[in-house]
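In what follows, a single structure is set out as structure tokens and then discussed.
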There are 4 protein chains.
Amino acid sequence: MRKVDPEKHAARRQAILDAARTCFARKGFHQTSTAEICAAVGMSPGNLFHYFPNKQEIIGAIVDQEGEETAAFFQTLGARDDLHAALLDFMDLVLELAADAEFSSLALEIAAEAGRDPAIAMRVGRNDRELRSALQGLLAEAAARGQADATLDMADAATWVAALIDGIFSRVAVDGEFKPKNQHATMRVLLGRFLRPQADASTVTAGA
Amino acid sequence: MRKVDPEKHAARRQAILDAARTCFARKGFHQTSTAEICAAVGMSPGNLFHYFPNKQEIIGAIVDQEGEETAAFFQTLGARDDLHAALLDFMDLVLELAADAEFSSLALEIAAEAGRDPAIAMRVGRNDRELRSALQGLLAEAAARGQADATLDMADAATWVAALIDGIFSRVAVDGEFKPKNQHATMRVLLGRFLRPQADASTVTAGA
Amino acid sequence: MRKVDPEKHAARRQAILDAARTCFARKGFHQTSTAEICAAVGMSPGNLFHYFPNKQEIIGAIVDQEGEETAAFFQTLGARDDLHAALLDFMDLVLELAADAEFSSLALEIAAEAGRDPAIAMRVGRNDRELRSALQGLLAEAAARGQADATLDMADAATWVAALIDGIFSRVAVDGEFKPKNQHATMRVLLGRFLRPQADASTVTAGA
Amino acid sequence: MRKVDPEKHAARRQAILDAARTCFARKGFHQTSTAEICAAVGMSPGNLFHYFPNKQEIIGAIVDQEGEETAAFFQTLGARDDLHAALLDFMDLVLELAADAEFSSLALEIAAEAGRDPAIAMRVGRNDRELRSALQGLLAEAAARGQADATLDMADAATWVAALIDGIFSRVAVDGEFKPKNQHATMRVLLGRFLRPQADASTVTAGA
DNA sequence: TATGAATGAGAATTCATTCAT
DNA sequence: GATGAATGAATTCTCATTCAT
């Protein structure tokens, strides 16, 4: 009896997060009432607060969960032989996620909320740091293997890959003609040219 | 004497937009009360509605104004000799705007709102279409002059430049370590490699 | 120059009253904003207050005007030979007015407002007293001429004729099937039986 | 124990309706704020909206309730032997209700609101149709029993009885001297003469 | 007179959260 | 844990009225 409870609790908690994700994506965080989430889960309006102390914590938990998912995914990438290819495959996945309007909206929503609530900013920042650090590690190792341009500053390169990921999610919201499915090739050209070892390394020094 | 009235009206309207911009950037659109905006302008709480029929129209007007500013700026770019350089200069400007936290937050906020309110989405979409079309025109002309890789699909290329711009604004919100000022060089490397005429054109077909 | 002003003023005042009548009939007194009335007259929102000190006075003036119109009309009735017929003709007119939805709505609106605002109640009460007094006079004279049942209490009889008039206006609002045009005959039966000299006077004492 | 909840809910709902009735009668529907009603019930300002989705629904519910009460009362009338007397007794009741200033005001208020809000008009219209249909049924049966004038169009007759009822409530608002208690006798004369089987049927054809 | 900007007190909801059951 | 009634502050928007021009 006592053993089932924690499982049930976790399942219920997850159900809340899933419902909230959908609601937040559709209407935005502050446009969604806790009552709406409760209705979506099939829960009484007060009961939600047995699982989360307040609304902000729901977003916080969603952010944390996304961070965990990304990290888990990245762990599978390191084992690959061609890390450049691994990165491009990861970006393919991003494009696939972006094709899910809910996911894109949510990503934007979270970024926007990070701009306001410092507590969320901290959690989002942690995820982002981990993502960039993973990207940087991947790129550094790729460079070591001759699969990436070793002359790049890998922290900066990772930052711009991350910017590109953010940009993809923005596109979905902002550009009705943007179909992630059709953009895999151009994405590969863009990142390929940016990251591959350069025949003429002089271009690297073109900056400023 | 009679001429002053419309001017006053326009000035007051603009003051509202400016105050709203700041408020929205700081707290988000739906977190900002119309009363706060009024207080920021130094206006009684009801008076704002002599200038805008409702809150959504304030955001709408801000969006429209940003669109006009961008368009105006782009008109100056076409006259340049080196269009590739012109584009990079434009991106420098974007990085400078992004360094203004208010501007970045607002950009994100608008994108997020576009994901919810179709009326805003339409106005944002129009701006975005114009930006991409201007970018595409610039790139096409650059290619014709041998300043850009003519093998690229220019619509797609413009789309990814736009994604990068969006991404830059997201970075500011999401990545505390991101300092736009320090990223001009890497941005130039990234875009340079993507857009320049390629020595080895075969890389273009690397897709899928 | 100075002579034209009072005429213009009166015309403008009347225009306001006419517009207000329409607005009040359509949306109700408290649902109509002064701005709406101004728009209907083609007048700036502040200007109305040069003609009426406040909104209540507009209703008050409408009430007074209706009273004057009724009184004027009644003066023409007294000259008739058959006063019973004169009364029925008056009721025909009431039915015709009731066919005008605006007039009916307004009548109801005024009655309702009298139930709330004592100042309006006083003005409405004065009109009503005059109407009942005119009716009573008419009935008394009719009785004297053998055209009405002399055994009736003419004050009470007048009161019930007035109630019937009120009731007609209510019908229009409340009963979608009520078409005043079709009710002239039944009205005449009803009032005829009530007011005519009775063959069998014993029925009069049937009460209580 | 579980059964108490719905009862409590219904009781609270009824308390709101009762308070609202009083407030609406005193100040009019649109002059009464929801906060006032809440205060009258002893309820926090937001709590009312757990019981009614909006203010209009409160009026709607009051209208429906009045309809039910009238219908319930009418069911008791049909069993009577003398239906003419039954009708007059019903009218006595109307006069007694009219003596309650709150009831009269409310009746007027509802009629006025029906002139504006179609949703209310529909509900009021339904009640009115039922009342007239009940009256018509009563009159038809009375005629069949020789207790009413069979030559009357019973639908029209019912309509005019209804008009008289409306008129009574208007009187209270409009005529300060009108005391329903003193008008039972005259009402009985009026309706008696209108509805009773006529000695001289020729009067019926007096119309137009 | 006429204009329309300005005021500021409300209005009806809404909503996160609490709490008795 | 679960329910849903209750709270009360906050929100957007309205409106009669004033007043400088």
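Throughout, protein chains are lettered first and strands after them, A, B, ... in sequence-line order, and every chain is numbered starting at 1.
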May I ask you to say what A:Phe52 touches in the nucleic acid, namely base, sugar-phosphate or nothing, with a heavy-atom cut-off under 4.0 Å?
nothing
Would you indicate what D:Thr34 reaches in the nucleic acid, counting non-hydrogen atoms under 4.0 angstrom: base, sugar-phosphate, or nothing?
base
Looking at [X], I'd like to know whether one of its side-chain N or O atoms comes within less than 4.0 Å of OP1 or OP2 on [N].
{"X": "A:His9", "N": "F:dG1", "answer": "yes"}
{"X": "C:Ser44", "N": "E:dG4", "answer": "no"}
{"X": "A:Asn47", "N": "F:dT3", "answer": "yes"}

Measure from the side chain of [X], starting at C-beta and using heavy atoms only, and say which of [options] lies closest.
{"X": "B:Met43", "options": "E:dT7, E:dT17, E:dG4", "result": "E:dT7"}
{"X": "A:His50", "options": "F:dT3, E:dT17, E:dA12", "result": "F:dT3"}
{"X": "D:Lys55", "options": "F:dT12, F:dA5, E:dA12", "result": "E:dA12"}

Under 3.5 Å, is there a donor-acceptor pair linking the side chains of D:Arg26 and D:Gln31?
no
I'd like to know if the side chain of B:Lys55 and the backbone of B:Phe29 have a donor-acceptor N/O pair within less than 3.5 Å.
yes
Per nearest nucleotide of DNA chain E, the residue lying toward the 5' end, D:Pro45 or C:Leu48, is C:Leu48
For DNA chain E, report each stem as range with range, ordered by first number, or say none. Use Watson-Crick or G-U wobble pairs under 3.5 Å, at least 3 in a row.
E:2-21 with F:2-21
